[in-house]
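So the structure is just underneath, and the comments pick up after that.
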Amino acid sequence: MVITSSQELLLQIGQVAAKSQVPIKTIRYYEELGLVKSAGRTEGKFRLFAPETIARIAFIKRLQKLGLSLQEIAEILAVYDRGLAPCAEIKQQLEHQILEIDRRITELMTLRSEISELLEDWTPQPQAIAGDICPIL
């Protein structure tokens with residue numbers, strides 16, 4: 001931990017990684033995308049972060065688990081960074097996510113049906129036919 005002139009405790013990137021259980025490489029990537037911001041660097045060039053960065057990373061990981069992209073998360077965090085509560089944006093994204101899940105379920109059920117029909121009619125060929133990798137398909 002590093003104490004700045006304002007007595008705010010800053011964490012080195014390794015400490016943030018340990019506390020958030022997110023690899024340093026991921027934290028650097030989040031910083032590159034603007035999802036998190038470092039508060040400067042040590043004399044040894046280690047990135048420093050405010051303690052609330054850990055909660056922000058947890059928020060990012062939670063939204064990722066819910067299926068949101070980093071771009072969508074960046075848009076939500078931009079609303080928050082402007083001092084507004086992004087709850088309406090999150091709700092809209094999650095509603096969209098439900099629609100997308102339903103669409104994918106429909107596609108998967110169709111694929112399952114096609115494969116099941118193919119397997120029902122599966123009759124192995126006794127010998128290979130020249131030019132056919134698998135004549136059943």
Quiz item: Given L48, which of L10, I13, V16, L11 fulfils the side-chain contact (heavy atoms from CB on, under 4.5 Å) condition?
Solution: L10
Quiz prompt | Under the side-chain contact (heavy atoms from CB on, under 4.5 Å) test, residues paired with F59 that sit two or more places apart | solution = L63, I76, L77, I90
Self-check item: side chain to side chain donor-acceptor pair (under 3.5 Å) partners of K45, counting only residues at least two apart
Solution: none
Quiz item: Among side-chain atoms of E31 and S38, is any donor-acceptor pair under 3.5 angstrom?
Solution: yes
Exercise. Could you walk me through whether L68 and Q64 pass the side chain to side chain contact (heavy atoms under 4.5 Å, CB included) test, one step at a time?
Key: CA-CA 5 Å; L68 272 62; Q64 279 186 300; over 6 Å; no
Quiz prompt | Qualifying residues under side-chain contact (heavy atoms from CB on, under 4.5 Å), relative to I115, sequence neighbours excluded | solution = L111, L119
Self-check item: More than 12 heavy atoms of other groups within 6.0 Å of R41 CZ
Solution: yes
Quiz item: What pairs with E75 under salt bridge (charged side-chain N to carboxylate O under 4.0 Å, His left out), at least two apart in sequence or on another chain?
Solution: none
Quiz prompt | Residues E100, R103: salt bridge by 4.0 Å N-O rule | solution = yes
Quiz prompt | Enclosure of Q21 CD (heavy-atom neighbours >12, cutoff 6.0 Å) | solution = no
Quiz prompt | Hydrophobic cluster of I105, others only, ordered by chain and residue number, side-chain cut-off 4.5 Å | solution = I101, M109
Exercise. Check the hydrophobic clustering (I, L, V, M, F, W, Y; side-chain heavy atoms under 4.5 Å; chains of links allowed) and say if Y29 and F46 are grouped together.
Key: no
Practice problem: Go through L33 and I73 one step at a time and tell me if the side chain to side chain contact (heavy atoms under 4.5 Å, CB included) criterion holds. | Solution: CA-CA 11 Å; L33 295 177; I73 295 168; over 6 Å; no
Quiz prompt | Heavy atoms of other groups near I133 CD1, more than 12 under 6.0 Å | solution = no
Quiz item: Under the side-chain contact (heavy atoms from CB on, under 4.5 Å) test, which residues partner K37, sequence neighbours left out?
Solution: D81
Self-check item: E95 with K91: basic N within carboxylate O range, under 4.0 Å
Solution: yes
Exercise. Taking the side chain as every heavy atom from C-beta outward, state whether L35 and L70 have any atom pair closer than 4.5 Å.
Key: yes
